[in-house]
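Structure record follows, encoded as structure tokens.
In this text the structure is predicted, and so the values were computed from the model without any measurement. So that the names make sense, note that chain A is the first sequence line, chain B the second, and so on, each numbered from 1.
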Amino acid sequence: MLAQALEQYAASFTDEDVSQQIKDLSPHIERARDTKFGDFASNAAMMLTKIAKQKPRDIAESIIAAFPENELIQESSIAGPGFINFRLKPEIFQQELQQVLNQASQYGCQASKGQKVLVEYVSANPTGPLHVGHGRHAAYGASVCNLLKTAGYQVHGEYYVNDAGRQMQILATSTWIRYLALSGIELTFPVNGYQGDYIIEIARLLKEKHSDKFVFDSDKIFSDLPDDEKIVGGVKTGDKDKYIDALALRTKELIGEDGFQIVLDAALDSILSDIKDDLHEFGVVHDEWFSERRLVDDGLIKHALDKLEANGTVYEKDGAKWFKATDFGDDKDRVVVRENGVTTYFASDIAYHLYKRERGNHLLLDILGSDHHGYIARVKAGLEAMGEPPESLEVRLMQFAVLYRGKEKVAMTTRGGDFVSLRELRNEVGNDAARLFYVMRSNEQHLDFDLELAKKRDNENPVYYLQYAHARICRVFKTLTEKDYVYDESAGAENLHLVDSDSAYKLISFMSRYPEIIELSAANRAPHTLVQYLRDLSAEFHSFYNSDKVIVENDNLRNARLYLLKAVQQVLQNGFAIIGISAPEQM
RNA sequence: GCCCCGAUAGCUCAGCUGGAUAGAGCGUUUGCCUCCUAAGCGAAAGGUCGCAGGUUCGACUCCUGCUCGGGGCACCA
């Protein structure tokens with residue numbers, strides 16, 4: 001429409017060059033910033049000032065004059081420096097309202113984009129319970145998955161389980177040491193071991209099941225080991241890494257590979273099932289838990305390395321095999337096979353990402369901690385070297401969540417065992433508040449999570465504002481029944497033209513933006529945009545609620561207003577479902 | 001040294017990929033319940049958008065250089 005008007009305007013110039021330039025422009029039509037300007041606005045006139053060498057307001061007038069008659073637009077006007085504002089006919093909004101109720105929970109869903117996206121998120125090492133930092137990943141990842149699904153992508157959420165490698169050795173060793181302590185063996189716990197109480201609990205179960213099967217004298221255990229790290233008078237001695245590795249080796253010698261595996265699996269199974277329960281209770285459900293062991297067992301690492309070698313991107317140096325990452329934009333080359341013949345974590349990583357691609361995913365979306373930013377360049381380099389487009393990997397980095405109790409920073413280290421778990425947080429503030437708090441901020445923003453504040457059950461907590469809007473609507477319908485009225489939906493639909501107050505118009509207009517917000521927020525992987533929208537929608541509703549009484553004598557007006565409330569309720573529910581918070585009927 | 005993220009109201013943060021008078025919550029001042037839940041609504045005060053240049057009809061937004069904060073730069077995972 002605007003394009004037609006522009007063409008006519010362009011034709012009014014005798015100079016061919018100028019009119020061609022005008023035709024080439026693609027001006028934006030966007031939502032007006034404020035409803036007092038209209039519903040949509042275009043900056044076309046301002047873009048033309050230079051080419052046409054006229055004042056923007058004059059250009060705007062010419063464009064409007066050239067505007068074709070149509071059934072959508074009520075009126076158009078010029079404002080400010082030269083914006084062309086359009087006001088839609090009210091029927092357009094009434095139709096949108098009917099869309100909401102017809103499509104119900106599907107309202108806002110976009111047509112299939114025919115794209116498969118694999119979203120990997122949380123993927124915390126299974127060496128202990130999830131803490132508040134993981135909670136942010138879980139809430140964000142789950143919301144992004146929901147957003148992408150709604151926006152028409154085929155989404156597969158995945159948790160990568162690091163169940164191979166050194167951390168697992170340390171976990172098994174830590175468990176064994178706790179088991180020994182329960183068996184009356186005197187010892188000091190390794191500095192680099194996992195010190196949390198949950199390990200003691202696992203050790204207790206192990207002891208119940210296997211009794212003294214894995215008990216040995218402390219002489220046998222601790223003789224000839226390197227010194228553990230110690231700080232005496234401010235001077236550090238020993239090496240915690242060497243010590244724990246030696247201790248792990250000793251553990252294997254004594255209890256055997258099989259025994260070691262029993263201990264490891266006991267710890268792993270216990271921790272993993274705890275993590276699964278925790279996430280499940282939090283409403284975060286991964287479609288798949290991908291075990292790192294599969295990369296070895298199914299030959300996926302070998303497959304990836306073969307591909308790299310086949311493309312001539314691997315060389316040997318100092319007895320190790322290196323990938324020429326520098327040829328693909330990384331700042332240094334990366335070891336894939338160590339001098340001792342063991343493949344590196346990086347090798348697993350690219351093998352995993354290659355496998356994700358081979359499963360037919362168009363886009364690999366990784367949600368990682370900001371401390372992982374160094375991996376992006378090298379994994380992309382790996383993908384490219386294996387013949388996959390580097391843009392197929394998109395990484396969203398999550399800035400740290402710092403926990404406060406009032407003004408006091410809470411220390412969080414998995415090793416030390418002094419941390420607040422996700423489960424504790426959920427118990428304190430509730431799932432809804434936790435889910436909302438986590439995604440309220442952009443992922444690129446540091447999150448200060450104040451427990452004291454989040455615990456407060458008053459209006460400082462934004463979750464109540466949103467839920468209250470929903471509960472209020474539910475209450476209206478209850479009151480309606482108490483007053484012996486019956487809601488007539490078709491009467492409501494037919495009389496929507498009666499809902500014409502200023503606040504109703506703003507509410508309806510704002511509500512009709514929902515599909516656009518879904519699209520925008522999915523494109524930016526930004527659930528906080530949706531949260532912001534839901535908050536504003538709630539505000540528009542509360543404002544309407546205060547100015548227009550819904551349950552009135554007039555049947556047609558009452559039904560029409562109820563119709564509007566139904567629609568608002570539906571949009572709130574749809575939005576809440578994406579964020580993962582409940583829609584309570586009363587508060 | 002190099003790389004990533006941030007800096008916007010007293011506090012915590014948005015700002016829709018360059019547009020109109022830079023917004024919201026909390027806090028402060030204040031008005032509104034004989035009427036569907038006051039966990040609400042209305043009004044007011046509060047700003048050199050970290051600093052300095054540049055591009056543009058137009059910059060919080062893009063570019064360059066600084067300053068300050070957070071994080072990262074392994075034959076660890």
**Prompt:** How is the base pairing of RNA chain B summarised as a dot-bracket string, given the Watson-Crick and G-U wobble criteria with both distances under 3.5 Å, [ ] for crossing and | for another strand?
**Reply:** (((((((..((((.....[...)))).(((((.......))))).....(((((..]....))))))))))))....
**Fill in**
Sorted by position of nearest nucleotide on RNA chain B, 5' first, the leading residue of A:E585 and A:D331 is A:E585
**Request:** In whole angstrom, give the distance that lies between atom CG of A:N524 and atom P of B:U61.
**Result:** 18 Å
**Item:** Nearest-nucleotide comparison on RNA chain B, the residue closer to the 5′ end among A:D371 and A:A164
**Value:** A:D371
**Asked** Quick one: A:E519 CD to B:C16 C1', roughly how many Å, whole number?
**Response** 13 Å
**Prompt:** Under a 4.0 Å N-O cut-off, is there an ion pair linking A:K356 with A:D366?
**Reply:** yes
**Asked** Whole Å only: how far is the CG atom of A:N340 from the P atom of B:A74?
**Response** 18 Å
**Asked** Given atom CG of A:L436 and atom C1' of B:A39, what is their separation to the nearest angstrom?
**Response** 15 Å
**Request:** Could you go through the ring-ring contact (aromatic ring centres under 6.0 Å, His included) check for A:H131 and A:H134 one step at a time?
**Result:** CA-CA 6 Å; A:H131 58 67; A:H134 300 127; 3.9 Å; yes
**Item:** Nearest-angstrom distance from the residue atom CD of A:E553 to P of B:C36
**Value:** 14 Å
**Prompt:** Atom NE2 in A:H470, atom CZ in A:F576: separation rounded to 0.5 Å?
**Reply:** 7.0 Å
Extract from the structure each pairing of a protein N or O with an N or O of nucleotides 4-9 of chain B at less than 3.5 Å, listing the distance.
residue	atom	partner	partner atom	Å
B:C4	O4'	A:H373	NE2	3.3
B:C5	O2'	A:E444	O	2.8
B:G6	OP1	A:E444	OE1	3.4

**Request:** Measure from CG on A:L480 to C1' on B:C36 and round the result to the nearest Å.
**Result:** 9 Å
**Request:** Would you tell me if any nitrogen or oxygen in the side chain of A:Y465 comes within less than 4.0 Å of OP1 or OP2 on B:C41?
**Result:** yes
**Request:** Check every strand shown and say whether A:Q586 touches a base, only sugar-phosphate, or nothing at a heavy-atom separation below 4.0 Å.
**Result:** base
**Complete:** Looking only at B:C16, B:A14, B:A39, the nucleotide nearest the A:L520 side chain is B:C16
**Message:** So, under a plain 3.5 Å distance rule, would you say the side chain of A:R513 forms a donor-acceptor pair with the base of B:C16?
**Reply:** yes
**Request:** Could you tell me whether A:R558 and A:D555 make a salt bridge, using a distance below 4.0 angstrom between a side-chain N and a carboxylate O?
**Result:** yes
**Message:** Give me syn or anti for B:U12, where syn covers glycosidic angles within 90 degrees of 0.
**Reply:** anti
**Prompt:** Counting only side-chain N and O atoms of A:R535, is one of them less than 4.0 Å from OP1 or OP2 of B:A14?
**Reply:** no
**Message:** Just the rounded figure in Å: distance from C1' of B:C36 to NE2 of A:H470.
**Reply:** 16 Å
**Message:** Using O4'-C1'-N9-C4 for purines and O4'-C1'-N1-C2 for pyrimidines, with syn meaning within 90° of 0, is B:C33 syn or anti?
**Reply:** syn
**Asked** Would you say a side-chain N or O of A:H542 is under 4.0 Å from OP1 or OP2 of B:A39?
**Response** no
**Asked** Should A:V132 and A:R136 count as side-chain neighbours, where that means a heavy-atom distance under 4.5 Å?
**Response** no
**Prompt:** Which is it for A:F477 and A:Y487 under the ring-ring contact (aromatic ring centres under 6.0 Å, His included) test, yes or no, and what are the steps along the way?
**Reply:** CA-CA 8 Å; A:F477 280 92; A:Y487 166 54; 5.6 Å; yes
**Item:** Whole angstrom value for the distance that separates P of B:U17 from CD of A:E516
**Value:** 11 Å
